[in-house]
Amino acid sequence: MSPHLPAAASIPAKPFPFQAPLARTALLAIDLQRDFLFPGGFGDIQSDTQLEAVQAILPACKQLLQLFRDLQLPVIHTREGHAPDLSDCPPSKLWRVGQSSSPGKVKVIGEEGLPGSRLLIRGEHGHDLHELVAPFPDELVIDKPGKGAFWNTCLLEELQAMGVTHLVVMGVTTECCVSTTVREANDRGFQCCVVEECTAGYNDAAFKQPSLDMLHWSDGLFGYVCTLSSIKSALTSFLPLPTAQNWSIDSPNSLDINTLAAAYRSGITTPDAMVRAIYARITAHPQRSAIFIHLIPLAQLTETCRTLEKTFPDPTARPPLYGIPFSIKDSIDLAGVPTTTACPPLAYTPTVSSTVVSTLLSLGAIPLGKSNLDQLATGLTGCRSPHGIPPNPFSATHIPGGSSSGSAVSVSSGLASFAVSTDTAGSGRVPAGFNGVVGFKPTKGTISFRGVVTACESLDCIAYTARTVACTRKLWRLTKGFDKRDRMAKHAPAVKRWVNAFPEIEGGFRFAVPSEQSLSVCSGVYRQLFSAAVQCMRDMGGELVSDQSIWPVFEAAGKLLYDGTFVTERLAGLPRGWADQHQDELHPVIREIFAAVKKRGSTAEDVYRDLHSMMSLRRKSQAIFSPQGIDVLLVPTAPAHPTMREVANDPIGENSLLGTFTHFGNVLDLCAIAVPAGTYVDAATGVKLPFSVTIVGGERMDDVVLGLAARFEAEVGKRVEVEKEGEVRAKL
Ligand code: TIU
């Protein structure tokens, strides 16, 4: 949403004003398909209709759509229909629509309706949306096999992913799909408002008014009803939104996804100009080859930009990541470019991009190159690559963190808007923390891992690094989804949750922190900053739960990762016998780790024992992250920020310390986000370093974790300023 919009709009409605918090409001356009709007379509055939009444709403729908687009608020379209083989259509439905008594009207779903088009079948002409209200490339289209838009669709997950809790609803038909959807939405916690002139049905004389009255009757039994003029006058006062006035690579937050998108929309810069500026910056970086293992040639980048600019000339109708530059961890495939995992003897050149990268490309993002990493994505230090250590922009002596070292450094050094990487033991979180940026590890198996070199496959996960929680959320929302070609992919849960439309009233949440004893491994300044972060969470309405039985579950799960047999899975990801045959080509620390793993001589029995322990701990963790337990766990992202010298002196010991608060994440199938939480001056070197905390949530609680992280980010933003004031006062 635009930062220029006010927090909430009050729209006169029945039974009382609809208070829409604009950051959480979307337009839902129901089934404005040819099959419901054209003579010979499903609506026309099925009912002895008043098709004109339904067609007559189109200009009003277009106005409402334009209003939401002008405000840059999300728009979601639905389409009713079935698979071509009707496998998702209950026989009862087919049978009933075949009972028509009107001669010539006995046609059912799947038969020809509009000329050459099967009725309500996905992919057919009649199934698609009417031209006047066709979706833009950044708008979501939900295909629904039923009347209600939530049934057997991903609508709830998508709305949760966007953080939407309030819906303005339009479309056809009032008595059927609009009513069913609003009734369903009500049970799922949404606040809905139907716009009277933007909905109609096939028997308006009898049904339209009663349908709308039933929705708002009894103090809003299911929701609200307003008029087009009332919503227009409530919302048009915020227009036009201010446009970006200038952009240069050196302007503040120049590469932030939203800043860049606004600059493109205003026409003050283009992907081509951006790419040239960022390329100059990358090539001027003295240590660029420690950050990027492979850079895409400038000529290829400008060619990509030209194609993008030609394909999407309309600045208001562009894909959501149009012209956004990103870096790719070099364990993730980009077609035509070598994937090396910083282990040259294992390099290969894929012909197909990984699913996640393909999706990012299809959304308009521009890949700049492949970023450095700890070899074989094994490590949390960023000091285990033959290409050198990516330089932490905050300090020449401190580590960047790993294994997604180049990913985090590319974002924190202003060499990419975001990075796509991986996180097995904390590889997305730790480097983000040490680089003052956001690092998000969603629930495992929810973003496809296909086309990514595995480190420890059953515990691997895609991660994103970006400057803000909002941008990270956008990347996750746009690229998540079940991929049947990824054997570790997870189906969406059958039982769905609901949303809280009133977090400002019911904003309380419960959180836990590590035990005192485990926090004692933190440096003094990390302890202080972590206490401030805990206070910040309390000030946000969080209740700190001090239940001594919680932390040991996370601690035990963390130990399973490297002290148990799971580390052996790293060998199983390599060709059989490869690690033995290529010892001399491995980074010395990786060689030492693999040798230690072999020496243990773990048996299959040991592996099963560990698997059983993991499942017991997962069960316990599920009980912890439940309505009776806590919403989230707050941990320091790492216990301290070591120097490169400290890591060189004890590469394995320092590494395992770094994972104190991250190792358990994938073992327990959790999601987690590392968020900047202030800065401090390092006593030994005098440099200013970032501090970071990680908010951890249960499986599939990604939207909850992201929502709290955004609030935390805003709260910390306020405090950092207060801290500065304090510093000034102290000096005086
Ligand atoms: N039959 C009917 O009136 N409507 C539907 O089947 N779908 C919608 O309302 N969109």
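Heads up: numbering here begins at 1 and tracks the sequence. Every number for a ligand or one of its atoms is a count from 1 in the order of the listing.
- Close contacts of ligand 1 with Tyr202, meaning ligand atoms under 4.0 Å from a residue heavy atom, involve 3 (O).
- Ion pairing between a basic and an acidic side chain is recognised when a charged N comes within 4.0 Å of a carboxylate O; Glu124 and Arg34 show no such pairing.
- Between Asp31 and the options His127, Arg79, Lys144, a side chain to side chain donor-acceptor pair (under 3.5 Å) holds for only Lys144.
- No side-chain donor-acceptor contact under 3.5 Å links Lys147 to the backbone of Glu80.
- Within the 4.5 Å cutoff, side-chain heavy atoms of Ile332 are placed close to those of Val356.
- Scanning the protein for heavy atoms near atom 8 (C) of ligand 1, the closest one is Cys177 SG, 2.6 Å.
- In terms of protein heavy atoms, atom 4 (N) of ligand 1 is closest to Cys176 SG, 3.4 Å.
- For atom 1 (N) of ligand 1, the closest non-hydrogen atom on the protein side is Gln46 OE1, 2.5 Å.
- Closest protein heavy atom to atom 6 (O) of ligand 1: Lys147 NZ, 2.9 Å.
- A salt bridge links Glu139 with Arg69: at least one charged nitrogen is closer than 4.0 Å to a carboxylate oxygen.
- At a 4.0 Å cut-off, at least one heavy atom of Val172 sits close enough to ligand 1 to count as contact.
- Residue-ligand proximity, Asp31 to ligand 1, at heavy-atom distances under 4.0 Å covers atoms 8 (C), 10 (N).
- Judged as a side-chain hydrogen bond (donor to acceptor under 3.5 Å, both in side chains), the pairs with a partner in residues 191-201 (not counting sequence neighbours) are, in order, Thr174-Thr199, Gln191-Tyr224.
- The atoms of ligand 1 that sit less than 4.0 Å from any heavy atom of Thr173 are 3 (O), 4 (N), 8 (C), 9 (O), 10 (N).
- Taking atom 7 (N) of ligand 1 as the reference point, the nearest protein heavy-atom neighbour is Glu80 OE1, 2.6 Å.
- Of the possible donor and acceptor atoms, one in the side chain of Glu713 sits under 3.5 Å from a partner among the backbone N and O of Val469.
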